[in-house]
Amino acid sequence: LTVSDLSVTGDNPTLGQPVTVTWTTQNVGTSDAAAGWFDDIYVSRSPTLDFNAILVGEVAADNPLGVGDSYTHSLDVTLPLRNGFDTGPYYVFVVADNYNQILETNETNNVASTTVNATRPDEPNLTVSNVTLQSTAAPGGLISVQWTLNNTGAADATGPWTDNVVLSCTPDISGFLGQPEFTFNGTIAAGGSVTRSQLLRLPVNYTGPVYAIVTANVYGELLEQPGGLTDDSATSATPSDVEPAPLPDFVVSNVSAPAN
């Protein structure tokens, strides 16, 4: 089985959008090919088909293919959009009998490839600013943390994604005290911002300074523009002072008793 006449058509191919892949599979061997194999379509940033290629489509060959016979298929597939995928050339591969279900005279000529220049679409970019905490708090008590999510990208940012808040006794995570997470389910328009506020529980036995380090979209659930995951964190400029509440001090005075 061989693959030929491979083409990709679509107006202004864009990552995350569909294109049409067309190819011809032919039996150039000396005996008929029984039905039951698959033609698979992969997309890769590399001109070499390897484990980094992404499977985007599959067609089952449900009919036998006689010696010298061929068929032509067209399939709509979506060009993958991933963090780290930028505008540029992408390689589309079609592999006949991808799982080696047909015993062939030559197993090395089952692949054809072509190139498509794809554009990455406009995307959001989240940044974090204005991280603040209440000025004082008590061990084991609740502390209010506030931060602003900014969308500096060219497209709306629509959740869900996860914001991670690290409480630390230092301005970095080396003084880790806790790490609650909060889901954002709304939308931040391009150029817009949203302020979030949450109550966090402090450790019972800790006293001293507490900083908040906020990372938006910590798991990359929201696809951001290239480089967008490198500017998603900010730290509170001023720590909160965690001290025990003052203890009462009872004083006895004006003690009197009967004279007799």
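At distances below 3.5 Å, at least one donor-acceptor pair connects side-chain atoms of D32 with backbone N or O atoms of V67. The backbone N or O of S4 lies less than 3.5 Å from no partner atom in the side chain of Q26, so there is not a single donor-acceptor pair. Between the side chain of D232 and the backbone N or O of N217, no donor-acceptor pair lies under 3.5 Å. Judged purely by atom type and a 3.5 angstrom limit, N151 has no side-chain atom pairing as donor or acceptor with the backbone of G191. Here the side chain of T115 pairs no donor or acceptor atom with the backbone of P89 at under 3.5 angstrom. With hydrogens and angles ignored, the 3.5 Å screen pairs no side-chain donor or acceptor of D122 with any backbone N or O of A155. Under a 3.5 Å cut-off, the side chain of T87 and the backbone N or O of T119 do not form any donor-acceptor pair. For the pair E58 (side chain) and F38 (backbone), a donor-acceptor distance under 3.5 Å is absent.
In this structure, T9 and T20 have side chains that are in contact, with non-hydrogen atoms separated by less than 4.5 Å. Under the 4.5 Å side-chain criterion, counting only non-hydrogen atoms from C-beta, N130 is not in contact with T195. Between E104 and D97, the closest side-chain pair of non-hydrogen atoms falls below 4.5 Å. Two residues are said to be in side-chain contact when any heavy atoms from C-beta on lie closer than 4.5 Å; S144 and L199 meet this criterion. Looking at Y99 and D40, their side chains come closer than 4.5 Å, going by heavy atoms from C-beta outward. Contact check for V145 versus Q198: no side-chain heavy atoms found under the 4.5 Å cut-off. Here the side chains of P121 and L81 are in contact, with some heavy-atom distance below 4.5 Å. A 4.5 Å side-chain heavy-atom check between P124 and I188 finds every atom pair outside the cut-off.
Remark: D163 pairs with R196 by the salt bridge (charged side-chain N to carboxylate O under 4.0 Å, His left out) rule, at least two apart or across chains. Looking at residues two or more places apart in sequence or on another chain, you find a side-chain hydrogen bond (donor to acceptor under 3.5 Å, both in side chains) between Y42 and N98. With sequence neighbours left out, T72 forms a side-chain contact (heavy atoms from CB on, under 4.5 Å) with T22, T24. Judged as a ring pair (Phe, Tyr, Trp, His ring centres under 6.0 Å), and not counting sequence neighbours, Y91 has no contacts. Applying the side-chain contact (heavy atoms from CB on, under 4.5 Å) rule to T48 yields the partners S46; only residues at least two apart in sequence or on another chain are considered. With sequence neighbours excluded, the residues forming a ring pair (Phe, Tyr, Trp, His ring centres under 6.0 Å) with W23 are H73, listed by chain and number.
Cluster annotation: V8 and V77 are assigned to the same hydrophobic cluster (Ile/Leu/Val/Met/Phe/Trp/Tyr, side-chain heavy-atom contacts under 4.5 Å, transitive). Linking ILVMFWY side-chain heavy atoms closer than 4.5 Å, directly or via other members, places F93 and F85 in two distinct hydrophobic clusters. Transitive grouping of hydrophobic side chains (ILVMFWY, heavy atoms separated by less than 4.5 Å) brings L133 and L149 into a common cluster. One hydrophobic cluster holds both V94 and V116 under the rule that ILVMFWY side chains link at heavy-atom gaps under 4.5 Å. Criterion: ILVMFWY side-chain heavy atoms under 4.5 Å apart, direct or through other members. Under it, V128 and I143 are part of a common hydrophobic cluster.
Around atom CG of N117, more than 12 heavy atoms belonging to other residues, nucleotides or ligands sit under 6.0 Å away. Within 6.0 Å of atom CG in L6, more than 12 heavy atoms from other residues, nucleotides or ligands are found, so the atom counts as buried in its surroundings. Enclosure of atom CG in L103 is not indicated, since only 12 or fewer non-hydrogen atoms of other residues, nucleotides or ligands lie within 6.0 angstrom.
Atom-to-atom distance recorded for S168:OG and I173:CD1 is 8.0 Å, nearest 0.5 angstrom. Taken to the nearest 0.5 Å, the OG1 atom of T30 stands 8.5 Å off from the CG atom of N27. Atom CZ of R45 sits about 6.5 Å away from atom CG of D86, to the nearest 0.5 Å. Here the CG-OH distance, from N63 to Y71, works out to 9.5 Å after rounding to the nearest 0.5 Å. With rounding to the nearest 0.5 angstrom, the CG atom of L167 is 8.5 Å from the CZ atom of F176. Separation of atoms CD1 (I213) and OG1 (T235) is listed at 4.5 Å; rounding is to 0.5 Å.
There is no side-chain donor-acceptor pair under 3.5 Å between N164 and T215. There is a side-chain donor-acceptor pair under 3.5 Å between E221 and T162.
Among all heavy-atom pairs drawn from N110 and V3, the shortest one is O-CG2, 3.4 Å. In plain terms, the two heavy atoms of S240 and A137 that are nearest each other are OG-N, 4.0 Å. Residues V242 and A138 come closest through the heavy atom pair CG1-C, 3.9 Å. Here the closest non-hydrogen pair linking Q134 and L142 is NE2-O, 3.8 Å. Pairing each heavy atom of A189 with each of D156, the nearest pair is CA-OD1, 3.3 Å. Across every non-hydrogen atom of E224 and R120, the tightest pair is O-NH2, 3.1 Å.
Evaluated for a ring-ring contact (aromatic ring centres under 6.0 Å, His included) with F184, the options Y219, W147, W161 yield exactly one hit, W161. Only one option out of N125, N150, T127 pairs with D231 in a side chain to side chain donor-acceptor pair (under 3.5 Å); it is N125. For the side chain to side chain contact (heavy atoms under 4.5 Å, CB included) test with L79, the passing option among T14, V56, I54, V19 is V19; the others fail.
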Audit row: S113, L49, side-chain contact (heavy atoms from CB on, under 4.5 Å) steps and yes/no: CA-CA 9 Å; S113 66; L49 180 61; over 6 Å; no
From CA spacing to verdict: side-chain contact (heavy atoms from CB on, under 4.5 Å), T114, S7: CA-CA 7 Å; T114 189; S7 64; over 6 Å; no
Test log, rule side-chain contact (heavy atoms from CB on, under 4.5 Å), inputs L65 and W37: CA-CA 11 Å; L65 194 61; W37 72 88; 3.7 Å; yes
